[in-house]
2 protein chains.
Amino acid sequence: MARTDARFRSAFNELLDTLAELPVAAALPSEVQLSQRLKVSRTVVRAALKALDGAGIIHLDGREKMMLRHPLAEDRLTLREDYISRDALEARFLDWVLRFDVPAETPLNVAQLAKQFNVPPHLLQEFLASLGQFGLVERRPRGGWRLLGFTADYAVELSDFRSVLEVNAVRAVVCQPDDHPVWPALAAIRRDHLSLLDRIDRDFHDFSPLDGQFHSIINSVVNNRFVTEFQKVISLIFHYHYQWDKTMERHRNEAAIKEHLRIIDALCARDGATAEAAALSHLATSKETLLSSMRGHHLA
Amino acid sequence: MARTDARFRSAFNELLDTLAELPVAAALPSEVQLSQRLKVSRTVVRAALKALDGAGIIHLDGREKMMLRHPLAEDRLTLREDYISRDALEARFLDWVLRFDVPAETPLNVAQLAKQFNVPPHLLQEFLASLGQFGLVERRPRGGWRLLGFTADYAVELSDFRSVLEVNAVRAVVCQPDDHPVWPALAAIRRDHLSLLDRIDRDFHDFSPLDGQFHSIINSVVNNRFVTEFQKVISLIFHYHYQWDKTMERHRNEAAIKEHLRIIDALCARDGATAEAAALSHLATSKETLLSSMRGHHLA
DNA sequence: CCCGTGGTTTTTATCATTAAAGACACTAGA
DNA sequence: TCTAGTGTCTTTAATGATAAAAACCACGGG
């Protein structure tokens, strides 16, 4: 058939709600006003009005729209909000690839995956195309897709790339003037780090969001859409992996906090060389953690 | 309807060509052999054989496939190779955006563009999705696409990103051992640069491919799929812009050759600091050229 | 003259259809 | 019995048709 009428249905039901508040025989607002209120196109409003007219709830006659009776519960149209958002799809897909350790070179079945993820097939198609740039999937010569897989090679190259970007960011930070917002932000996150370090035995789980914030502050001074875009993917993948590798989590996180503090202190002292070195060493640790987490996962 | 039978048609015609070399009453090879030779599935081969049987060119009977008569010119099926490849689409699209200076925020009409570029709409859709990651286009809230445009901001950020990657590459080059293939490659391209410098007055147009080679050699030591991917886009965009900015081309190219030589010499001397500085300065020139080319283009 | 309305056109999202690919099982001949 | 080849069937993705949604336009009443 064609596109779903979900938009029409929800607009129709919302319209019923508005009608319920009007007295019988009242005149309805204009089509444009209704479309603005319901945040849909006039086409949808007109279709809904026609349906209401057909159901005998209102009477349509040119620009005269008169309320005939109050709507009942059974007038409502059923609607099922099946489909998930693009971000949710991204999360689900990565979850699927990383958690179930889908082997490299797996051919992807668009129709089946679309069903599994509750999205229309062509949205999945589009999503795969956008992933293609990150080298996670590949178009097969004659139709279809192939998962290139989250291999060790991939992880190494991703980490290396991350290092390049992040060291660059660290270098940029020390060049910022004293009134740049990055300085108070760093001071604030430094306090958060110290606070978490105090209660690390109990709250070591709280490190993951803090880690995300820290790296995002560092990268925020680099005002570059390409960096930002990549940072999104990088943090997503690192975040996902950390979630599952529970070995030595307390110890690991404590060490990472201390590494972060070394970087922060060097940055606040405007000591570029030391900050860079500290960042490099932190990123190297991070890479090792990612790789060992993958090895552990493979053995499991 | 359904997918086109272009595959069947071209296989059929190829099969006619093979038959032309066989004598009448000869037995044909097996389906598997034919499918391997024509590089199509057995399904297509069988369909083609059936069609040949129907046309009275061969006689099919179980595994007996006998040649009845030689094929004629009118036996061939017509086929129109309309569609262009993915790379060609990329080139055409960039060409369209950059050359005609399509303004930012332009809503893109998928159906119309697909016609214009001679591709099926869903391929264009897929292509746009893959471009999305590079921040050139964006999905509109309720369907459709919007061109974000190749603005000055975009060019600046692209150039900056390029600098980050390329300086990183330069740093990597000086760390390579003496037997790494990058050294002979650099020596060779150094000779090419000197040779072009000698005949710059006449052959200054030959610089563009040389420039591409040079940057690709530098980046080849960084074995990273993300870098490679980005490098592709970067070189594409720079290449396109250089093509049109004809002002001072001879002078510009001569200067660029000398900058390249400074980088190469520093690299060959394993002088990382000098090489890095030379690269930075070259990239800054490059960025300026790109920006001024855009300004000139805007005024035109 | 301007806003609101109805009609019309354009454009996108979805679905049914069908070609292509491949899997499986069967058959003939060595 | 084994192998090469064929017949049949299932699965899958590309494509055209089509309905929903949005945009456009001209008209008419205040």
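Proteins come first, then strands; the chains are lettered A, B, ... in the order of their sequence lines, and each starts at number 1.
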Between Arg225(B) and Asp160(A), is there a salt bridge with N-O shorter than 4.0 Å?
no

Checking contacts here: which listed nucleotide (dT6(D), dT12(C), dA20(C)) is nearest the side-chain heavy atoms of Arg7(B)?
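So the side chain of Arg7(B) is nearest to dA20(C).
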
Suppose we call two aromatic rings close when their centres sit under 6.0 Å apart. Are Phe127(A) and Phe117(A) close by that rule?
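Ring centroids of Phe127(A) and Phe117(A) are no less than 6.0 Å from each other.
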
Measuring from Glu157(A):CD to Asn224(B):CG, what's the distance to the nearest 0.5 Å?
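The distance works out to 5.0 Å.
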
What contact category does [X] fall into here, base, sugar-phosphate, or nothing, at under 4.0 angstrom with non-hydrogen atoms?
{"X": "Val44(B)", "answer": "sugar-phosphate"}
{"X": "Gln125(B)", "answer": "sugar-phosphate"}
{"X": "Leu49(A)", "answer": "nothing"}
{"X": "Arg139(A)", "answer": "sugar-phosphate"}

Checking Glu31(A) now: which residues fulfil side chain to side chain donor-acceptor pair (under 3.5 Å) with it, not counting sequence neighbours?
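Listed in chain order: Arg42(A), Arg46(A).
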
Between [N] atom [atom2] and [X] atom [atom1], what is the distance in whole Å?
{"X": "Asp5(A)", "N": "dT14(C)", "atom1": "CG", "atom2": "P", "answer": "12 Å"}
{"X": "Lys115(A)", "N": "dC15(C)", "atom1": "NZ", "atom2": "P", "answer": "12 Å"}
{"X": "Gln112(A)", "N": "dT12(D)", "atom1": "CD", "atom2": "P", "answer": "7 Å"}

Would you state whether a donor and an acceptor, one from the side chain of Thr43(A) and one from the base of dA22(D), lie under 3.5 Å apart?
yes

Only one of Leu38(A), Asp5(A), Leu77(A) forms a side chain to side chain contact (heavy atoms under 4.5 Å, CB included) with Phe12(A), so which one is it?
Leu77(A)

Any idea which heavy atoms bring Met67(B) and Leu19(B) closest together, and the distance?
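Between these two residues, the closest heavy atoms are CE-O, 3.3 Å.
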
Between Leu123(A) and Val32(A), which residue's closest nucleotide on DNA chain C lies nearer the 5′ terminus?
Val32(A)

Between protein and nucleotides 25-30 of chain D, what N or O pairs are separated by less than 3.5 Å?
none

